[in-house]
Amino acid sequence: SLAEGLYDTYADRNSLYQHIDQMFYKQWDFPAGMPDWVMKVVSTDPADTILTTVRTFATVKPRFKVMPMLPNEANRQRANEIETAIAYNFKQAGRRNDASVVWDVMMSAALYSEVAAQVIYLPYQEKILEAMGKDTRRVKAAKRFGDFAFIIHNPANVYPEWSEYGLEGVLTVRVQSVDEFMDSWGAIS
């Protein structure tokens, strides 16, 4: 019932995202009753605008800023070390597949004005799979590119639950084939 409630709460948002997708992918049909002599011409302007935005900003190297806890040299040095570690791990995670993390973030931001990113700490994922008695070879191999993996979700598939204290939980709907599920979680016993 909680999932159904979140789905209903975000119905208008998802309807908007569906219309945005239809514009971007140029999905448009004639209204009923149009004469045969009228030619269908679908503008590429929405897709061109989004792709121009993504191409412009996805080429900019991301900068990470961590504010020091106190205004002294030791804290500034520690903040710089953390910034360097974040930049390194972000770059390593981006090497994991063909798609650039920055490209995916910019595409989501340009299309929906929202980014839903999931960061997976691979050593913890490996620990969970071991506790479940699952094969951990794929996670161990993935760690060659650092300890973190990023999944950029379509925001229409992410349903956050908020309270006055902040984010309480997130429901993510993800349609997968059996093979995709087993690649992540192993065979179901």
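No side-chain N or O of Tyr121 forms a donor-acceptor pair with one of Asn89 less than 3.5 Å apart. For the residue pair Asn72/Asn75, the side-chain donor-acceptor check at 3.5 Å is satisfied.
Classification of the Tyr159-Tyr10 ring pair by plane angle, with boundaries at 30° and 60°, yields perpendicular.
Listed by first and then second residue, the side-chain hydrogen bond (donor to acceptor under 3.5 Å, both in side chains) pairs involving residues 23-32 amount to none (not counting sequence neighbours).
At least one side-chain heavy atom of Thr172 sits less than 4.5 Å from a side-chain heavy atom of His153. You'll find the side chain of Ile20 reaches within 4.5 Å of the side chain of Tyr112, heavy atoms only. The closest side-chain heavy-atom distance from Glu161 to Leu2 is below 4.5 Å.
Between the side chain of Thr53 and the backbone N or O of Thr49, at least one donor-acceptor pair lies under 3.5 Å. The backbone N or O of Val105 lies less than 3.5 Å from no partner atom in the side chain of Ser108, so there is not a single donor-acceptor pair. A distance-only check finds a donor-acceptor pair linking the side chain of Ser177 to the backbone of Glu180 [under 3.5 Å]. When atom types are taken as modelled, the side chain of Ser100 and the backbone of Trp103 share a donor-acceptor pair closer than 3.5 angstrom.
For the pair Arg78 and Glu81, the salt-bridge criterion is met [side-chain N within less than 4.0 Å of a carboxylate O]. Between Glu126 and Lys143 a salt bridge is recorded (basic side-chain N to carboxylate O distance below 4.0 Å).
In summary, the aromatic rings of Phe150 and Phe90 are positioned with their centroids under 6.0 Å apart.
Here the closest heavy-atom approach between residue Ala79 and residue Met67 is recorded as CB-C, 4.4 Å. Closest heavy-atom contact between Met107 and Ile50: SD-CG2, 3.8 Å.
Environment of NZ in Lys40: crowded, with over 12 heavy atoms of neighbouring residues, nucleotides or ligands closer than 6.0 Å. For Glu4, the CD atom is loosely surrounded, since the number of other residues' heavy atoms within 6.0 Å does not exceed 12.
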